[in-house]
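A quick write-up on the structure given underneath.
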Protein chains: 2
Amino acid sequence: MGRWEPDARGRLLRAAIELFTEHGYDATTAARIAAHAGLTKTTLFRHFADKREILFQGQDALVAAVVAGVVAAPADAAPAELVRAGVASLCAAHADDLHDVGRLLDPLLAATPELRERATFKRSAITEALEGALADRLGDPRQAGLLADVGVRAYYEGYAAWMLGDGSNALLDSVDDELAAYESASRRLHDDD
Amino acid sequence: MGRWEPDARGRLLRAAIELFTEHGYDATTAARIAAHAGLTKTTLFRHFADKREILFQGQDALVAAVVAGVVAAPADAAPAELVRAGVASLCAAHADDLHDVGRLLDPLLAATPELRERATFKRSAITEALEGALADRLGDPRQAGLLADVGVRAYYEGYAAWMLGDGSNALLDSVDDELAAYESASRRLHDDD
DNA sequence: GTCTATACAATGATAGAC
DNA sequence: GTCTATCATTGTATAGAC
C-alpha cells in the first residue's frame with residue numbers, strides 16, 4: 001500500500017472522538033486532530049469537507065443501502081415489508097465496531113448543537129432516500145412519506161436501544177421490536193376513532 | 001424609536017436574500033451583506049449567531065407556537081385534533097409577508113446544501129417540540145412521534161403549496177388539505193392489510 | 001441598548017513540491 | 001497521498017461611541 005500509514009480516515013475518526021471527548025468540540029482545532037492522527041490540517045481537509053464530517057463518515061453509504069434494500073424486496077411485498085427490507089439493509093450496512101463508536105458519539109452530540117445539526121441532516125437524507133424508494137414501489141407519495149418516517153424512527157430508536165446493550169443482541173432485532181411497536185401504536189390510533 | 005434606522009434584522013434579511021440570489025451564498029461575504037444593509041460585520045454577528053441564521057430568523061418562535069397550540073387544545077380533543085391544533089398555531093404564527101420571502105428562499109435552499117442543513121435542523125426542532133407536547137397529552141411517546149411526523153409533513157407541504165398560489169388562499173387551508181390527505185393515506189395503508 | 005473599530009483565532013481553500 | 005505556505009472568510013472578544 002506504499003509510503004504512508006494506512007486508514008487515515010479511521011485514525012482521524014479515533015483522534016477526533018478522543019479529543020472532542022476530552023476537551024470538547026469547540027476547543028479542539030482541526031490542526032490538533034490532524035496532528036494527533038499523525039497528519040496535517042491540509043490532509044484532514046482533503047479527506048473530509050469539514051470538521052464535523054469526520055464523525056459522520058460512512059453515513060452516505062446508508063443512503064444507498066436503504067434504497068438497495070427496498071429495490072431488492074420481492075415484487076409482491078406489502079408496504080410494511082418494503083419498509084422492513086429497507087431498514088434491514090440499513091442494519092446490514094453497519095460495521096459492528098459502530099457499537100463502540102456510537103456509545104462515544106452520543107455524549108458528543110448531546111453537548112454540541114453543531115454536531116446534532118449534521119446528524120439531523122444525515123437522518124433526513126436517509127428518510128428522503130427511503131421515501132423516494134417507497135414512492136417508486138407504492139405509487140403513493142404520501143403513503144411513502146408516512147412509512148419512511150416510521151421506518152427511520154424505528155431504525156434510530158432501535159439503534160439507540162441496541163447501543164445500550166452489551167453487543168450480544170443483533171441490531172436488526174432491536175429495530176424489529178421498534179417496527180412492531182410503531183405498527184401497534186399506529187393501529188391503536190385508528191381503532192380509537 | 002431613536003437614533004438608528006429601525007429593523008436591523010429585517011434589513012439584513014432582505015440584503016442577504018438579494019445578494020445570495022444574485023451572487024450565490026458562498027460568494028456573498030458577511031461583510032458585504034452588512035454593508036448592503038447599512039451596517040458593519042460586527043453588528044451583523046451581534047444579531048445573528050452565524051451567516052445562515054439571517055435567513056431563518058423567527059423560526060424559533062415556531063417551536064413555541066406549536067407547543068402552545070397543543071397545550072391550548074380542549075381537554076377532550078382526539079389525537080388528530082391535537083395535531084391540528086398544533087399546526088394551526090404554527091400557521092397563525094406566520095407573518096403574511098412570508099409568502100414573498102418563501103418564494104425567494106426556495107431556490108436558495110435548492111442551490112445551497114449548507115442552507116438546507118439549517119432548514120432541516122429547524123424542521124427537526126419543530127417536530128421534536130410537537131412530539132413532546134403530544135406525548136404529554138397522549139401519554140404514548142410512539143403515537144406522539146408518528147403524529148408529530150404527520151403534522152409537520154402536512155405543515156411543510158401545505159406551506160409549499162400555499163407559496164405556489166397567489167396569496168388569496170389561507171395557509172391553514174392548504175395545511176388542512178394535507179392533513180386530510182395524510183389521514184386518508186394512513187387509513188388506506190391499514191385497510192389494505 | 002444599539003452600533004462601530006480593531007484585533008484575533010480558527011476554518012477551509014488553493015498552489016506547488018515530494 | 002502528503003506536506004508547506006499562504007490566503008480569504010467566518011465568527012469572537014474587547015473596547016468604546018452615541
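If you're wondering where the values come from, they're calculated on a predicted model, not measured in any experiment.
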* If you walk 5' to 3' along DNA chain D, what is the first nucleotide with an atom under 4.0 Å of a heavy atom in chain B, and what is the last? -> D:dT9 to D:dC18

* Asked: Can you check whether B:G24's main-chain N or O pairs, donor with acceptor, with B:T28's side chain at less than 3.5 Å?
  -> yes

* Asked: In terms of the nearest nucleotide of DNA chain C, which residue is placed more toward the 5' end: A:Y25 or B:H47?
  -> B:H47

* Does NZ or CZ of B:K51 fall inside the cone over B:Y25's six-membered ring, less than 6.0 Å from its centre and within 45° of the axis? -> yes

* How many Å lie between CD on A:E53 and P on C:dG12, as a whole number? -> 11 Å

* Structure fact -> note: A:I54, atom CD1; C:dT11, atom C1'; distance rounded to Å ~ 12 Å

* Asked: In the hydrophobic cluster built from side-chain contacts under 4.5 Å, what are the other members alongside B:L172?
  -> none

* Asked: Do B:V67 and B:I126 share a hydrophobic cluster (ILVMFWY, side-chain heavy atoms under 4.5 Å, transitive)?
  -> yes

* To do: Establish whether A:L130 and B:Y182 are linked, either directly or via other cluster members, by ILVMFWY side-chain heavy-atom contacts under 4.5 Å.
  => no

* Structure fact -> dist A:F45:CZ -> A:L12:CG (nearest 0.5 Å) comes out at 10.5 Å

* Any donor-acceptor pair under 3.5 Å linking the side chain of B:R52 with the backbone of B:E114? -> yes

* Take the protein atom CZ of B:R46 and the nucleotide atom P of C:dA5, then report the distance between them rounded to whole Å. => 14 Å

* To do: Can you sort out which residues in residues 27-42 of chain B have a heavy atom within less than 4.0 Å of DNA chain C? Ascending by number, please.
  => B:G38, B:L39, B:T40, B:T42

* Crowding at CZ, B:R32 (>12 non-hydrogen neighbours, <6.0 Å) -> no

